[in-house]
Amino acid sequence: MASDRMRRVNEAIREVLSDATSHGLKDPRVGFVTVTEVDTSPDLRHATVFVSVLGTPDEQAASIEGLRSAHGYLQKRVGSELRLKRTPTLDFAHDDSAARAARLNTLLDKEGDA
């Protein structure tokens, strides 16, 4: 379980990245992206950024690739806006929890009708 400090660091990074993706990126590949969660290693060297992307699987993959190519810009924003001992290296991963929740609700609805 993450400590209070790590939760605050993760939330601060998530807020900076959310703002940067919605207002700072000009890459046309990056569609409607929501930063859902950040998981930073305890030594602050690495951070996995989970993003939810609307669109087809191809559009989702293109958005993730666009975020990975904007890695330097996004990492610079994190470093300039947060005072951390180290600026973590960002790795982007697709968060499909919303799709899984929708599928689970559909299955539960079908089960309730039976």
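Side chains included, hydrogens not; waters and symmetry mates left out as well; all remaining heavy atoms used. One is the number of the first residue; the rest follow in order along the sequence. Computed from a predicted model, the values in this text were never measured in an experiment.
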Open item on the list: Using 0.5 Å steps for rounding, measure from the CD atom of E59 to the CD1 atom of I64.
Closed with: 13.0 Å
TODO: Using side chain to side chain contact (heavy atoms under 4.5 Å, CB included) as the criterion, point out the one residue from V53, D27, T21 that pairs with S63.
DONE: V53
Task: Nearest-0.5 Å distance, CG of residue D91 to CZ of residue F50 - done: 8.5 Å
Open item on the list: So S69 and R29, do their side chains get closer than 4.5 Å, heavy atoms only?
Closed with: yes
Task: Non-hydrogen side-chain atoms of H71 and T89 separated by less than 4.5 Å - done: yes
Task: CZ/F32: more than 12 non-hydrogen atoms of other groups inside 6.0 Å - done: no
Open item on the list: Tell me whether L17 shares a hydrophobic cluster with L54, the cluster being built from Ile, Leu, Val, Met, Phe, Trp, Tyr side chains joined at under 4.5 Å.
Closed with: no
Task: Min side-chain heavy-atom separation V51-D95 under 4.5 Å - done: no
Task: Nearest-0.5 Å distance that lies between atom CD1 in I13 and atom OG1 in T40 - done: 3.5 Å
Open item on the list: Would a single hydrophobic cluster contain both L44 and L74, if residues Ile, Leu, Val, Met, Phe, Trp and Tyr are joined by side-chain heavy-atom contacts under 4.5 Å?
Closed with: yes
TODO: With rounding to the nearest 0.5 Å, note down the distance linking CZ in R86 to CG in L84.
DONE: 11.0 Å
Task: Sub-4.5 Å side-chain heavy-atom contact between D19 and R77 - done: yes
Task: Passing candidate, side chain to side chain contact (heavy atoms under 4.5 Å, CB included) with V78, options T87, V38, V49 - done: T87
TODO: Decide whether D39 and T48 meet the rule of one side-chain donor and one side-chain acceptor closer than 3.5 Å.
DONE: no
Task: R14 bridged to E11 by N-O distance under 4.0 Å - done: yes
- [ ] Would you tell me whether S41 and D43 have side-chain atoms, one donor and one acceptor, within less than 3.5 Å of each other?
- [x] yes
